[in-house]
Each structure stands twice: as C-alpha cells, then as structure tokens.
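A short worksheet on the structure shown next.
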Amino acid sequence: MSKELRVLLLGNGGREHAILKACKASPLVKSVTVAPGNGGMEQEAICFSEVRADDVQEVVHLAQRLEANLVIVGPEAPLAAGVVDALRAVGIPVYGPDKQAARLEASKTFTKDFLMRHNIPTARGYRFDNAKAAVAFLEEREQFPVVLKADGLAAGKGVIIAQDCDEACDTAKEMLGGKFGRASSEILIEDFMSGEEASIMLMVDGERFVMLSPSQDHKRINDNDEGPNTGGMGAYAPAAVVTPELKQTIIDTLVKPTLAGLVADGIHYSGTLYIGIMITAEGPKVVEFNVRFGDPECQVLLPQLKTDPVELMYACATGTLDPTKVEFNDGYSAIVVLTAAGYPGTPRKGDKVTIPENLPKGVDVIHSGTQSDDSGDILSSGGRVLGVRAHAGTLEEALQKAYEVAEKIHFEGKHFRRDIGARQLARDVPAK
Ligand code: GLY
C-alpha cells in the first residue's frame with residue numbers, strides 16, 4: 001500500500017503516545033498532528049493542546065483544517081461523544097467505532113443485554129434503576145461476592161466487588177443515589193466470576209478482524225495485586241495464559257459470535273474491540289468490552305506487530321482490512337508504569353521528571369501524565385506519569401531492560417510495581 005497519510009491523533013495518554021510512535025515509524029505517514037497530546041508527545045509532533053478530544057465540532061474543524069485523511073481516536077470519551085460519526089459525515093476516514101457501537105463500553109446494561117441475547121458466555125447480570133429493588137434483590141441472594149457496575153462511563157471507578165450483602169446494599173444505594181452522577185442512574189448487579197483475567201484486543205472491520213497478541217494488565221497499585229485498583233500499572237505480551245487452544249476457543253465462542261451479533265443488530269463495528277475475559281473453569285467468558293485499545297496494553301501490543309499498525313488502522317477505517325496478510329514479530333514486550341505519589345487518589349503534580357538521554361536498544365519511554373513547561377522541562381501532570389516499554393527476545397530480558405530504565409528515571413514520589421510479568425515468569429511456559 002502506498003499512501004501519504006496526514007494523521008490526526010486524538011488523546012493525551014500513554015496509549016496515544018505509543019500510537020504516535022507507531023505513526024512516526026510508519027512509511028505511510030506523511031504528517032501526524034495530535035490533539036491535545038502531552039509533554040512527551042509535544043517533543044515528537046505538533047500538539048493542539050487547547051483542543052479537547054471529545055469536542056466534536058472542534059475536532060472536525062481541526063481535521064478539515066489539517067486536511068487529515070486518517071483520524072485515529074485513542075480514548076473512549078470522544079467515541080461516546082460521536083466524534084467518529086461527525087468525521088465520517090464529512091468524508092474523513094477514522095479509526096474507531098461510531099457512537100452507537102461505542103455503547104459497548106459506554107453502557108454496561110446495553111452490553112449485558114447484547115451478550116445475553118446472543119448467548120455469548122458472560123456472568124449473569126440484573127439491571128436496577130432504584131435502590132429499593134436492588135436491596136430487595138440482594139437481600140434474597142445467597143451467593144457473595146457480587147459485582148456492581150455503574151451503567152455509564154465512570155473514569156474506570158464504576159465497578160465494585162462487594163464481599164457480602166451489607167457491602168453490596170451500601171454500594172447499590174450509593175451508586176443509585178448519584179455517586180457517579182448520570183453514569184450510575186442505572187446499575188448492573190452481576191455474578192462474581194473467578195479465574196485469571198486476560199485482555200484480548202481485536203482490530204475490527206465489520207466481521208473481519210485481526211486478533212492482536214493476548215496481554216495481561218496489572219490493575220492494583222502494589223506488588224502481589226495488593227492495594228486499590230488503578231488504570232493499569234504495567235502489562236506484557238504475549239500472555240502465555242492464553243494458550244493456542246484457548247485462543248481458538250476465544251475466537252469461536254466469544255469473538256465470532258460478538259461480531260456476528262453486532263452485524264445482526266445492524267451495528268457496523270470498525271476500530272479496536274477490547275474484550276476483557278475471565279478464564280473460568282467453564283471456559284473463557286466476557287467480563288467487559290472496551291471500544292478502544294487498553295492502556296497500558298496498547299503500548300505492548302504495537303511492537304508485537306510486524307505489519308505496520310497504521311496500515312491496519314487505515315484499512316479498518318476504509319473497510320479494506322485483509323487479516324490474511326498480517327504478520328507478527330517474535331519476542332516479548334513489557335511496560336512498567338511509573339506513578340505519582342497519591343495515585344490512584346489525587347496525584348501529586350508539577351514535579352520535574354528526569355529521563356536518561358541514551359536509552360538501550362529496544363527501550364522507549366512512553367509519556368502519560370506529563371506536560372512541558374516554558375523552559376522545556378517535563379513536569380508530572382497526572383497519576384500515571386510515564387511508562388518504560390521494552391521489547392526483547394524473552395520476557396525476562398524485556399522486563400530487565402524496562403526495570404533498569406525505570407530505576408534511572410527520577411521524580412519526587414515515583415512509584416512502580418516490581419512484579420510486572422512475574423506470574424508468567426513463574427509459570428515458565430513459552431507463549432509461542
Ligand atoms: N488497562 C485497562 C483499560 O485500558 O481499560
């Protein structure tokens with residue numbers, strides 16, 4: 001494919017910085033511009049820091065002004081706001097699902113109905129829009145723990161596992177009482193699933209799809225999966241927990257029925273579909289869908305692709321994806337996320353971040369919560385500040401390289417987990 005792509009990339013996190021690096025490496029890309037971007041992205045591309053990614057009209061005007069012929073949408077908020085619909089309406093190819101398809105992430109009740117209607121394995125779920133009915137249901141229930149989910153987008157905080165009836169009733173009352181505003185005016189109460197979790201990400205063009213390497217995120221703030229949940233403290237790929245046999249089962253029982261169900265429901269899906277799965281004793285089940293790449297999973301998935309990721313995004317955006325032509329690299333990718341003091345509560349901000357100048361081969365620093373000041377210094381500006389990503393022949397080597405650089409990065413209050421990928425190393429099973 002020969003193409004001169006003028007890319008507009010939307011977002012400001014680590015996922016988008018990794019996509020920016022892929023754009024910079026792509027021979028198809030003539031120019032790449034970002035809105036709004038972060039301190040690290042500003043060093044590599046022009047960033048329109050005043051344009052909010054979910055301001056639909058501003059994004060369309062910017063894309064038209066730049067004569068963009070590919071817009072890549074990183075986070076979920078612009079997708080749920082209808083940025084894709086508005087860009088398509090003016091004829092601009094865009095990588096990401098439209099507003100209707102984005103409900104798979106924006107509404108947990110919509111998704112549960114979809115999964116149950118199409119007989120796709122998932123936990124049983126029940127919808128409630130008033131606290132009295134939810135409490136009556138919970139008081140009748142014998143099995144705990146139970147999972148409570150706010151229906152709408154709640155900045156990653158809308159899922160609570162309640163250990164007993166009292167905790168579940170209190171949580172239901174809080175959520176339905178407005179804890180997450182409109183996002184929790186309706187809730188889902190779900191059976192708890194036990195097993196190991198994995199992230200499956202697909203690049204989708206209708207019923208055609210490319211399954212990227214299975215990956216594993218590390219959600220808790222501290223080693224040994226202790227402490228509160230975060231946006232993600234590190235990831236690696238490929239994850240050996242998804243064996244080749246399990247991968248085929250996931251394709252047959254989750255992926256194909258989902259894509260066929262979307263087509264049957266009249267939803268054209270184009271973009272990333274992230275399936276959070278639980279590997280239960282009964283087989284893999286859907287925990288959730290997200291309609292964008294995971295962060296930090298995206299950062300470890302892009303280096304796994306030998307085929308240019310931008311070529312695949314453009315193919316999905318233009319309805320021309322050919323999954324038979326996709327090739328993968330050998331080796332393993334890992335990322336260790338460095339967070340600010342206070343995270344996942346209110347993070348400390350404004351600390352100067354120093355990063356070694358000469359990074360070892362195969363290592364990148366991916367910015368998330370950073371901004372640059374007038375003198376060009378990088379300052380922390382969010383909870384997840386940076387990630388150190390490494391690619392190497394073995395997972396052990398990738399992690400060693402990432403940790404070496406993580407140690408050398410400085411900012412006040414720096415925190416990171418020291419056990420990213422440890423479960424896989426202990427398993428000692430090659431993923432491929
Ligand atoms: N890493 C989890 C997510 O992106 O939702």
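Each ligand, and each atom within it, is numbered from 1 in the order the structure gives.
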So is [X] in contact with ligand 1, going by heavy-atom distances below 4.0 Å?
X: Arg292; answer: yes
X: Phe293; answer: no
X: Gly231; answer: yes
X: Gly294; answer: yes

Revision key, fill the gap. Here the atoms of ligand 1 under 4.0 Å from any heavy atom belonging to Asp217 are 1 (N), 2 (C)
Exercise for review: Just jot down the ligand 1 atoms closer than 4.0 angstrom to any heavy atom of Asn290, in number order.
Suggested key: 5 (O)
Practice item. Kindly assign one of parallel, tilted or perpendicular to the pair Phe110 and Phe114, based on the angle between their ring planes and the thresholds 30° and 60°. Key: parallel
Check your understanding: Should the ring pair Phe416 and Tyr403 be called parallel, tilted or perpendicular, given that the plane angle runs from 0 to 90° and is split at 30 and 60?
Key -> tilted
Check your understanding: Can you check whether Arg15 has an N/O within less than 3.5 Å of an N/O in ligand 1?
Key -> no
Review point. Looking only at N/O atoms, are Lys219 and ligand 1 under 3.5 Å apart anywhere?
Key: no
Revision key, fill the gap. Closest heavy-atom pair, Tyr236 versus Val300, reported as atoms and distance to 0.1 Å, is C-CG2, 4.0 Å
Point to revise | Exercise: identify the closest heavy-atom pair between Asp295 and Gly14 | key: OD2-N, 3.5 Å
Check your understanding: Ignoring hydrogens and geometry, is there a side-chain-to-backbone donor-acceptor pair from Asp54 to Ala81 under 3.5 Å?
Key -> no
Check your understanding: With side chains defined as the heavy atoms from C-beta onward, is the minimum distance between Val159 and Glu288 less than 4.5 Å?
Key -> no
Practice item. Determine whether Asp225 and Arg417 make a side-chain contact, defined as any pair of heavy atoms from C-beta on separated by less than 4.5 Å. Key: yes
Point to revise | Per-residue contact class, Glu297 against ligand 1 - non-hydrogen pairs under 4.0 Å | key: side chain
